[in-house]
Structures are given as structure tokens and as C-alpha cells.
Amino acid sequence: MRIDQELIKNLEAQAKIVRRDIIQMLTKAASGHPGGSLSCADLIAALYFHVMRHDAKRPDWSDRDRFLLSKGHCAPAWYSVLARSGYFPATWLDALRKLNHPLQGHPDMLKTTGVEMSSGSLGQGLSIANGMALAARLDRKSYRIYVLMGDGEIQEGQVWEAAMTASHHKLDNLCAIIDNNGLQIDGHTEEIKSLGSISEKWISFGWNAIDIDGHDMRQILQALKMAEETKGKPSIIVAKTTKGKGVSFMENQVDFHGVAPTAEECVRALAELE
Amino acid sequence: MLKVKEKVATRDAYGSALVLLGERNPNIVVLDADLAKSTKTIKFKNKFPDRFFDMGIAEADMMGTAAGLAAAGKIAFASTFAIFATGRAWEQIRNSICYTNLNVKIAASHAGIAVGPDGSSHQSIEDIAIMRVIPNMKIVVPADGTETEQAVAALAETPGPAYLRLGRSAVPFIYDSSYRFTLGKASVLREGSDVAIVAAGTMVQPALKAADILSEERIEARVINMSSIKPIDREAIVAAAQETAGIVTAEEHSIIGGLGGAVAEVVGETAPAPVVRIGVRDVFGQSGEAGELMEFYGLTAGKIAEAASRIVSQKR
């Protein structure tokens, strides 16, 4: 994988489209979670538009790489990359969270093509990713599993049960990513329940941990490559991000964790994302 | 086929059935949470170590891992004690297994109060109720070793989640090898039109004994093994309600939300008739020997017969 300037620029442009989608979807839905969706946009864009082996025409292709959004409330970011990859028409994005439409408030694998796993209850994604990684090994398949978690999410005990499972089984076909934006609903993660050094915790659980700036596309691509090249243990990318990234008045604002922009805020946000 | 002995615990039959299944189907995988010797999944582990995953003492993680294996095409059997399977990991079962309709079979051993001396923390008398309320979940409570073996095979062939409730103690055989379990179908073990006894699991044998007691009083009881609690056999329940004086349900579970609750729901909506529920009456258990506990909490043939007799006398 060559990481040249053109690739970086291209992925950055696509991440901007994802951010615009997020703002527009959430404004139309009048509910949802902009902050965390925006903070993980670069990570998801890198995975779907460059790193992962996947094919929207064959969503059930058995050799595809899998992505799981454990922090399911950030579904708008996922829906955007799925639509832009061709899994379903981009017009679906207009009906986020509407009755009898496929794009649920949190991902539903039975309703939305391309969604590998339903989520929305935090802390469950890594266990599921482990199961898929074990199945890949049993079937002698080379596909990789990526799971994106929030930093607040790792306060859930199941995450650490799963962390032990992954290292015990040396699941090097698994890459976890933490969207480390430092905020959760009630405030700063360090004030609610401090996480300390996230990567040191994972290293002590037997993982290969890589710290990066989660908005630096070059670092994202390099980290994903390092994870793929690491053998004998699972990898975790701890991506330092900014909640609400890309929209000045949303950045680091805890209020935008779970509140949709107004029509007026939407116009201002889109102007910034030109 | 199981070796026919006088008695076998349904958990033992489960372990043997898994081995048979594992030989036939390479997609079968088994998970346990550090109780493989007790749940008898160790039989599968010894035969197919590559397809067995001991998740350690981590039930929530086990359910999630089972879901991931199923999402990637496996048929996952996840086992532990009933109380931990359903209680500790209820939300994982709801969101990661049932909401997704994944092919995970939760096989829970040591259900009911007859777990005995370990006491209330290990006695599962709520599990049917809390599994039953989850959409897509199917529930089977086999009555003996033969039915367990049949149910394991049937559930493996039925896509989606299921809960298989198993007991610790050895129970007598009710069925021989000619029996065929069908999901959603009850099995009538004894005909009768005075009163009906609908039982499941460990209470099927006492129900048959109760029918013998009643027969001496010239009351002919229909005995129905309702091993498939969800989907439930509505036809068999409606027929029992319409053709007899009423129904006694018997289960090693709380009277709230389990077999008794399920039967009462059907009867209430379709064919009003008295339903008397034999089960644990909304209290926690305690330590004691299995037999003593069944006696103490009124889970006996005598109590079933008394209830049935009362229904009949009220009608006459």
C-alpha cells in the first residue's frame, strides 16, 4: 500500500463528504449523535475508501473484511460510507431514523445492507469481532475484522473480558480502533471515570497498541498497515480525536454528543465543510 | 443414540448429543464459561478441541463471541449454568443474538431449584420468563435424555436463537428411541378428559405420577409434556381447556412468566378455563438436597394431584 500525497488528499476529501452527510442526515432526522459521528469520520473513510477489501455488489462475499461499529450511536458516519460505497442509494440518508425506513437510529444488520452487526448497546462489539476472527481462523480465511469503539465505551466490563479473549487466542486478524475524543454524555471521560493511559491498559492485556492522531490521514493509514503486519497478537489503534471535528461550534462541545443541529446550525456547519 | 440406562441427567444427554452433532456438521462450535465439566460440553471439547472455546468466567463475552461466530456462518452452542447464562448476559442475548436473529443456541444447565445445596444464588427460577419475552427466541425444556438429544438436533437445524434448559439431576427416561421431538408441538403422554396436567422438564415425571394418584380417585388426567415453551402448542392447550375441567401446570420455575404463565396467556385469550400453576411461588430458594427442596417448594406429584382434584371437584 503506497501512501502518497494524492491518496491522502483524496481520502480527506471523502471524509469531508462523510461529515457533510452526517450534518445533513442528522438535521433532517432532528435527532442523533453528531459529535462522535464527526470524530470518527476520518477513520471510517480510510477503512471503507482505501483499506478494507469489500464489494458493495457482493455484500455477502465470504472473503470480505468486516467492519463493526461498536459505538452504534455513530451510525450516521457508517451509513454515509456505505451509501457512498454503493451498498444502498444515497437518498436513503434522507430518511435516517424515520418510521419504516432501513436506516435505524442505531445500526440494524437485518435492515441495512452492509451493516455487519447490529449495535447500540455499548461494550458488545469487541466480543462479536472476536467471534468473527475465530471463525475466520477455523475456515482458514484471510479476511480481517475491524471494530470501532468509543473511549467512554471501554468503561464497560465486557470490553475487558473481550480484550482478554482476543489476546488469549492471538487474534492478529483483528484490529480494534478507539475513537478517543475524550468526551461522553455526562462530560469529560477523565471526570466521569478516568481511563488513564488507554494504550498502556491494552498493552498490559497483551495487545499491540498504536497511538495516533485520528484526524491525520497519513497516520491513520500507517497505523492500519502496522496493525495488519503485526503477527501473534491483536492490535488496537488509539486514535486521539476531537469530538465534533470539522464544525467549529461543535468541536469539544459535550452538548453535541446527542443533539442534532438546527436548520440554521446545519447551514453554518456545511459552510465550514465546503 | 444414547445408551439406555434407567436415568440420565439432561445435561449429560446434551454433552453426548453435541458430540454426535459435531461429527455430522463441521460448522458446529461450542463455547463454555469455565463450567465444561458441569455442563458436559467437555465431551465435545475432548472430541473437537479446535471447535471448542472456553471463554473463562465471562458470560457476556461468551454470548458476544458466539454471536460473532454465528455471524460468520457457524452454529454456536453457548453453555453455562442457567442463572448466569440468562441473568448475567440477558442484554447481550437480547441485542447481540436475538435482535440480530443469529444462529446461537444457549444451552443452560443446572436450571431450577434442584441444583440444591449451592443455594439460591445458583438456582435459576426466572430464566424461562426472561428468555420468553425476547422476540426471535425459542425455548425448549426437555423432559429426559431422549428428548434432549432430539431437541439438540432439531435446534441445530432451526435457524436463529434458541434456549435449551437442562437440569443437573438424573431423570428417568420417558421416551424410547422412536420418539421424535418437533419444535412447537406438545406430546400427550396420557389421554384423559377430566383434567389436564401440562408439565415441562423435571416436572413431567411427577405429572405422570400425579395422574396415577388421580386415577385411583377415578379422575382421568391428560398429561401433556410441553417441552417446546416457545413456540408453544396453542392447539394442545386450547383442546385441554375445552375438553377438561381445567389445567394444572407444573414446572421447576417461578409460577410467574414460565410455563404456567405461557399456558395461562393462551387460555385467557382463547378458551377460558381454570389454570392452577404449580411452581416456585415468587420466593427465592435456599440450600438443601434436591429432593428436600422439591418437597419444600411443593413441586411434587402430590401437590399436582391435589390441584387437579380441586379443579375437578369445583366443576362437579
Side-chain angles (χ1 to χ4, degrees), chain A residues 59-68 70 72 104 106-112 115-141 143-145 147 149 156-169 171 173-174 205, chain B residues 22 25-34 44 48-78 80 84 88-106 134-136 159-161:
Chain A
D60 296 325
W61 178 35
S62 61
D63 292 320
R64 71 194 184 278
D65 289 339
R66 271 80 164 166
F67 173 78
L68 282 70
S70 193
Q104 298 292 295
H106 293 80
D108 181 341
M109 64 186 281
L110 301 182
K111 288 195 168 70
T112 312
V115 166
E116 294 283 358
M117 178 55 60
S118 306
S119 57
S121 175
L122 295 174
Q124 301 189 21
L126 186 57
S127 299
I128 296 162
N130 287 340
M132 291 180 175
L134 289 168
R137 185 175 285 176
L138 280 175
D139 292 338
R140 300 182 199 289
K141 297 270 191 189
Y143 63 80
R144 293 180 58 73
I145 297 99
V147 55
M149 294 181 278
E156 284 282 1
Q158 188 185 346
V159 171
W160 301 101
E161 297 178 7
M164 279 192 257
T165 299
S167 60
H168 178 80
H169 289 284
L171 298 179
N173 51 352
L174 172 78
F205 274 70
Chain B
N25 189 340
N27 276 326
I28 300 288
V29 295
V30 176
L31 302 91
D32 206 304
D34 196 39
F44 186 92
F48 307 105
D50 294 351
R51 288 190 268 149
F52 176 85
F53 303 101
D54 201 321
M55 302 303 296
I57 307 163
E59 294 79 11
D61 183 40
M62 174 172 73
M63 295 307 173
T65 307
L69 282 157
K74 304 295 170 192
I75 303 171
F77 280 79
T80 181
F84 310 127
R88 180 69 67 103
W90 186 84
E91 209 245 58
Q92 283 74 15
I93 294 171
R94 179 189 184 271
N95 282 328
S96 292
I97 295 173
C98 290
Y99 180 43
T100 52
N101 205 16
L102 284 168
N103 219 350
V104 177
K105 320 299 172 185
I106 296 152
I134 311 176
N136 290 338

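Every heavy atom of this structure was used, including side-chain atoms; hydrogens, water molecules and symmetry mates were not. Here is how names work: the chains are called A, B, and so on, in the same order as the sequence lines, proteins then strands, and each is numbered from 1.
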> Any side-chain donor paired with an acceptor under 3.5 Å for B/Glu91 and A/Gln124?
yes

> Between A/Ala129 and chain B, which part of the residue has a heavy atom less than 4.5 Å away: side chain, backbone, both or neither?
neither

> Under 4.5 Å from any heavy atom of chain A, what part of B/Leu31 do you find: side chain, backbone, both or neither?
neither

> More than 12 heavy atoms of other residues, nucleotides or ligands under 6.0 Å from CZ of A/Arg144: yes or no?
yes

> Of the listed residues (A/Leu68, A/Asn130, A/Leu138), which shares the most heavy-atom pairs with chain B below a 4.5 Å separation?
A/Leu138

> Is the count of non-hydrogen atoms from other residues, nucleotides or ligands lying under 6.0 Å from B/Ile57 atom CD1 greater than 12?
no

> Spell out, as yes or no, whether a donor-acceptor pair under 3.5 Å connects the side chain of B/Asp61 to the backbone of A/Ser127.
no

> At a heavy-atom separation under 4.5 Å, does A/His168 approach chain B through its side chain, its backbone, both, or neither?
neither

> Heavy-atom pairs under 4.5 Å with chain A: which of B/Ala71, B/Gly68, B/Ala58, B/Ala70 has the most?
B/Gly68

> With a 4.5 Å cut-off on heavy-atom pairs, point out which of A/Ala133, A/Ser119, A/Ala162 contacts chain B the most.
A/Ala162

> Is there side-chain contact between B/Phe53 and A/Leu134, with at least one heavy-atom pair below 4.5 Å?
yes

> Under a 4.5 Å heavy-atom cutoff, which of B/Ser96, B/Ala89, B/Gly73, B/Ala67 has the most pairs with chain A?
B/Ser96

